[in-house]
Amino acid sequence: MRAPASQRLPLSRERVLECAVALADESGLAALTIRTLAQSMGTKPMSLYYYVANKEEILDGIVDMVFSEIQPPEPGGDWRAEMQQRAHGVRSALRRHPWAVGLLESRSAPGPATLRHHEATLATLREAGFSVQLTAHAYALLDSYIYGFALQEAALPFEGRDTAAEITNPIMERFATGEYPRMVEIAVEHVLKPGYDFGDEFGFGLDLILEGLNRLKSGEE
């Protein structure tokens, strides 16, 4: 939808990127083109090329905007607490911007917020006593878990606390034959319990990873 002329704000690179994030949030990454972005801003496509060279530059910019929303860890602090905070921050950002799951680590021209985030994460692990090798392993493991969980969470047909029942109950009718006793068990004794939220599983897995990394670090000392 084209914005009325009276409501249009002056163009700037920051505004172009903010509108690109909003368009991707609303319609998905596939809908983000120079033409659709210009239309959403109430301007012509050629006007945007003064601020961004092409779609790749837009993607670089909006990825950096997502990283700017995430508080980086503080080197020298309690590394486990810092990694906890970082993991939850990244997950929260990906819930706001699910299109970013496959993009955060894909850019060949990362922006300043992206670089600051990575540097702070590496520095936090190194200053906590992790070797270079274990730092690399820890970073890869943590991001694989965070991004993988975010991808699975976004794909679920339900969202939030006490919402699984509306999807699970109809499926349960197919279990009446008795062929899937363990699926019935996990549904009845866990998923369908009051207060269930798949998102709570995130903390459980994260704690396991951090405990394992702590043991490996202790073994290096």
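Below, all heavy atoms of this structure are taken into account, side chains as well, without hydrogens, waters or symmetry copies.
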Side chain to side chain contact (heavy atoms under 4.5 Å, CB included) assessment of E201 paired with Y196: CA-CA 10 Å; E201 306 293 351; Y196 173 79; 4.0 Å; yes

For Q84 and D207, what are the C-alpha separation, side-chain angles and deciding distance, and is it a side chain to side chain contact (heavy atoms under 4.5 Å, CB included)? CA-CA 8 Å; Q84 282 268 6; D207 285 344; 2.6 Å; yes

Going through the distances and angles, do E56 and R107 end up as a side chain to side chain contact (heavy atoms under 4.5 Å, CB included)? CA-CA 9 Å; E56 286 302 305; R107 311 319 299 160; 2.6 Å; yes

Stepwise, does the side chain to side chain contact (heavy atoms under 4.5 Å, CB included) test hold for T124 with E74? CA-CA 6 Å; T124 298; E74 185 69 34; 5.7 Å; no

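Listed by first and then second residue, the side chain to side chain donor-acceptor pair (under 3.5 Å) pairs involving residues 134-143 are R86-D143 (not counting sequence neighbours).
When all heavy atoms of E153 and G199 are compared, the pair lying nearest together is OE2-CA, 3.7 Å. In terms of heavy-atom proximity, A120 sits nearest to P72 at CB-CB, 3.8 Å. The two residues E105 and H118 have their closest heavy-atom pair at OE1-NE2, 2.9 Å. Across all non-hydrogen atoms, the minimal contact from V101 to A150 is CG2-CB, 4.3 Å.
Side-chain contact between N54 and I34 is absent, with no heavy atoms from C-beta onward closer than 4.5 Å. By the 4.5 Å heavy-atom criterion applied to side chains, H117 and T114 are not counted as neighbours.
Both I58 and L11 are members of a single hydrophobic cluster when ILVMFWY side chains are connected at heavy-atom separations under 4.5 Å. In the hydrophobic clustering of this structure, L151 groups with F67; members are Ile, Leu, Val, Met, Phe, Trp, Tyr whose side-chain heavy atoms approach within less than 4.5 Å, directly or through other members. Hydrophobic clustering, with ILVMFWY side chains joined whenever heavy atoms are under 4.5 angstrom apart, groups M83 together with Y145. Taking hydrophobic clusters as Ile, Leu, Val, Met, Phe, Trp and Tyr residues chained together by side-chain heavy-atom distances below 4.5 Å, L141 shares a cluster with L210. Linking ILVMFWY side-chain heavy atoms closer than 4.5 Å, directly or via other members, places Y147 and L208 in two distinct hydrophobic clusters.
Residue L32 holds its CG atom at 6.5 Å from CG of L59, rounded to the nearest 0.5 Å. Between E211 atom CD and L216 atom CG the span is 10.0 Å, to the nearest 0.5 Å. Atoms CG and CG, on L94 and L104 in that order, are 5.5 Å from each other to the nearest 0.5 Å. Distance check: L125 CG to E82 CD gives 10.5 Å after rounding to the nearest 0.5 Å. The distance from the CH2 atom of W79 to the CG atom of L213 is 5.0 Å, given to the nearest 0.5 Å. Here CG of L48 is found 13.5 Å from NZ of K55. Values are rounded to the nearest 0.5 Å.
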May I have the list of side-chain donor-acceptor pairs in residues 16-29 shorter than 3.5 Å, sequence neighbours left out?
residue : atom : partner : partner atom : Å
D25     : OD1  : H97     : ND1          : 2.8
D25     : OD1  : W99     : NE1          : 2.6
D25     : OD2  : H97     : ND1          : 3.1

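Under the 3.5 Å distance criterion, the side-chain polar atoms of S68 are left unmatched by any main-chain donor or acceptor of A113. In this structure a side-chain-to-backbone donor-acceptor pair under 3.5 Å is missing from Y51 to E14. Counting only distance, with no hydrogens or angles, the side chain of S40 and the backbone of L37 share a donor-acceptor pair below 3.5 Å.
Salt bridge E119/R116: absent, no basic N to carboxylate O contact under 4.0 Å. A salt bridge does not link E189 with K193: none of the charged nitrogens is closer than 4.0 Å to a carboxylate oxygen.
Using bins of under 30°, 30° to 60° and over 60° for the plane-to-plane angle, the ring pair H88/F202 lands in the perpendicular bin.
Within 6.0 Å of the CZ atom in F175, the count of heavy atoms belonging to other residues, nucleotides or ligands exceeds 12. Other residues, nucleotides and ligands contribute only 12 or fewer heavy atoms inside 6.0 Å of the CZ atom of R35.
Taking Ile, Leu, Val, Met, Phe, Trp and Tyr as hydrophobic and joining them when side-chain heavy atoms fall under 4.5 Å apart, one finds L115 isolated, its cluster having no other members.
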